[in-house]
Each structure stands twice: as structure tokens, then as C-alpha cells.
Amino acid sequence: VQLQASGGGLVQAGGSLRLSCVASGRTFSSYIMGWFRQAPGKEREFVAAVSGGGHLTYYEDSVKGRFTISRDNAKNTVYLQMNSLKPEDTALYYCAAYGSIWRRTEVAMGWRYDYWGQGTLVTVSS
């Protein structure tokens with residue numbers, strides 16, 4: 001599986017961005033998809049995950065109520081709608097995938113993901 005993320009950019013605090021991640025292959029719906037981010041000088045952290053069918057989601061606490069993860073399996077694409085952006089959301093955002101059943105204790109773990117995109121930069125100015 002190859003993943004290609006896009007949609008990053010520069011936005012003012014309070015603004016919105018929508019990230020997209022397109023996956024290659026014909027079994028996209030069998031993959032759990034996640035978004036992670038890494039800010040300068042910090043470790044990579046989990047942002048959100050969605051199950052293969054799109055019915056289950058899980059978010060990191062700091063983005064709950066502001067970010068929404070979704071997917072369109074017909075387009076092999078996962079999205080991250082980011083609203084009410086804050087300067088602390090500034091980071092390189094990565095999409096990732098792994099094929100397994102949904103276990104909430106695992107979907108936030110980076111080690112669980114087998115495939116990673118190249119990242120797209122989000123910069124939020126104050």
C-alpha cells in the first residue's frame with residue numbers, strides 16, 4: 001500500500017484545513033487508517049483513526065471536537081477535517097494504514113501501522 005497525503009498549508013489560528021490521503025491498491029476498505037503528527041523537536045503523536053468501514057473513530061484528546069476523520073472507500077481516500085486550528089497544531093501530518101480488526105487499545109499506537117505516507121506540513125499562525 002502506498003499513501004500520498006496532501007492538503008497542508010499555512011492558516012491563521014481559528015481557521016480550517018482538510019487533509020487528504022490517497023491509497024493505492026484494491027483493498028483499501030480492509031485497512032484501519034490513522035493520522036499522526038510530529039511537531040519540530042517533539043515525538044510523533046497520534047491524532048485520529050478510522051475503521052475500515054468508517055463506522056468507528058478514535059481521537060486524541062486535544063483534537064476532539066475540532067478534528068474529524070472520515071473516509072471514502074470508493075475513492076481510496078481518508079480525510080482529516082481540521083477546524084478551530086491552534087498554533088500548537090503546527091506539525092508534519094502523516095497518514096498511516098494497517099490491516100487488522102479494530103482494537104481501540106491499538107489504533108493510537110504508531111508501531112501498529114505498517115504503511116506510512118510522506119507527510120504534509122500544517123502551519124498555524126497566531
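Being a predicted model, the structure only gives us computed values, none of them experimental.
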Worksheet entry | Parallel, tilted or perpendicular, as decided by the 30° and 60° cut-offs, for the rings of Phe36 and Trp116 |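 Trp116 vs Phe36 ring planes: tilted.
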For the atom pair [atom1] ([X]) and [atom2] ([Y]), what is the distance rounded to the nearest 0.5 Å?
| X | Y | atom1 | atom2 | answer |
| --- | --- | --- | --- | --- |
| Ser20 | Gln81 | OG | CD | 9.5 Å |
| Thr68 | Arg18 | OG1 | CZ | 11.5 Å |
| Ile32 | Arg71 | CD1 | CZ | 8.5 Å |
| Met109 | Arg103 | CE | CZ | 13.0 Å |
| Thr77 | Leu19 | OG1 | CG | 12.5 Å |
| Arg37 | Thr90 | CZ | OG1 | 9.0 Å |

Any link between [X] and [Y] through a network of hydrophobic side chains (Ile, Leu, Val, Met, Phe, Trp, Tyr) touching at under 4.5 Å?
| X | Y | answer |
| --- | --- | --- |
| Val50 | Tyr113 | no |
| Leu17 | Val63 | yes |
| Val107 | Val47 | no |
| Met82 | Val22 | no |

Kindly give the heavy-atom pair with the smallest separation between [X] and [Y], and that separation in Å.
| X | Y | value |
| --- | --- | --- |
| Arg112 | Ser100 | NH2-OG, 3.3 Å |
| Val1 | Ala23 | CG1-CB, 4.2 Å |
| Ser126 | Ala13 | CA-CB, 4.3 Å |

Discussion item. Would you say that more than 12 heavy atoms from the other residues, nucleotides or ligands in this model lie under 6.0 Å from the CD of Gln2, or not?
Written reply: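 At most 12 heavy atoms, drawn from other residues, nucleotides or ligands, come within 6.0 Å of this atom.
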Worksheet entry | Flag if over 12 foreign heavy atoms under 6.0 Å of NZ, Lys75 |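 Count not over threshold, so no.
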Discussion item. Does Leu3 form a side-chain contact (heavy atoms from CB on, under 4.5 Å) with Met33? I'd like the steps, not just the answer.
Written reply: CA-CA 10 Å; Leu3 304 174; Met33 300 298 298; 4.0 Å; yes
Item to complete: Output yes when Asp89 and Lys86 qualify as a salt bridge under the 4.0 Å nitrogen-oxygen rule, no when they do not.
Response: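 Salt bridge: no.
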Discussion item. Less than 4.5 Å apart, side chain to side chain, heavy atoms only: is that true for Trp35 and Val78?
Written reply: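 Yes - at least one pair of side-chain heavy atoms lies under 4.5 Å apart.
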Item to complete: Return each pair, listed once, that meets ring pair (Phe, Tyr, Trp, His ring centres under 6.0 Å) where at least one residue sits in residues 47-97; pairs must be two or more places apart or across chains.
Response: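 Those involving residues 47-97 are Phe46-Tyr58.
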Discussion item. Main chain of Phe28, side chain of Asn73: is a donor-acceptor contact present, judged purely on distance under 3.5 Å?
Written reply: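 No, because the side chain of Asn73 does not come within donor-acceptor range (under 3.5 Å) of the backbone of Phe28.
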Worksheet entry | Exam field: side chain Gln38 to backbone Ala91, donor-acceptor pair closer than 3.5 Å |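 Not confirmed, Gln38 side chain does not pair with Ala91 backbone.
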Item to complete: For Arg44, enumerate each residue passing the salt bridge (charged side-chain N to carboxylate O under 4.0 Å, His left out) test, keeping only those at least two apart in sequence or located in another chain.
Response: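 With sequence neighbours excluded, Arg44 shows a salt bridge (charged side-chain N to carboxylate O under 4.0 Å, His left out) to no residue whatsoever.
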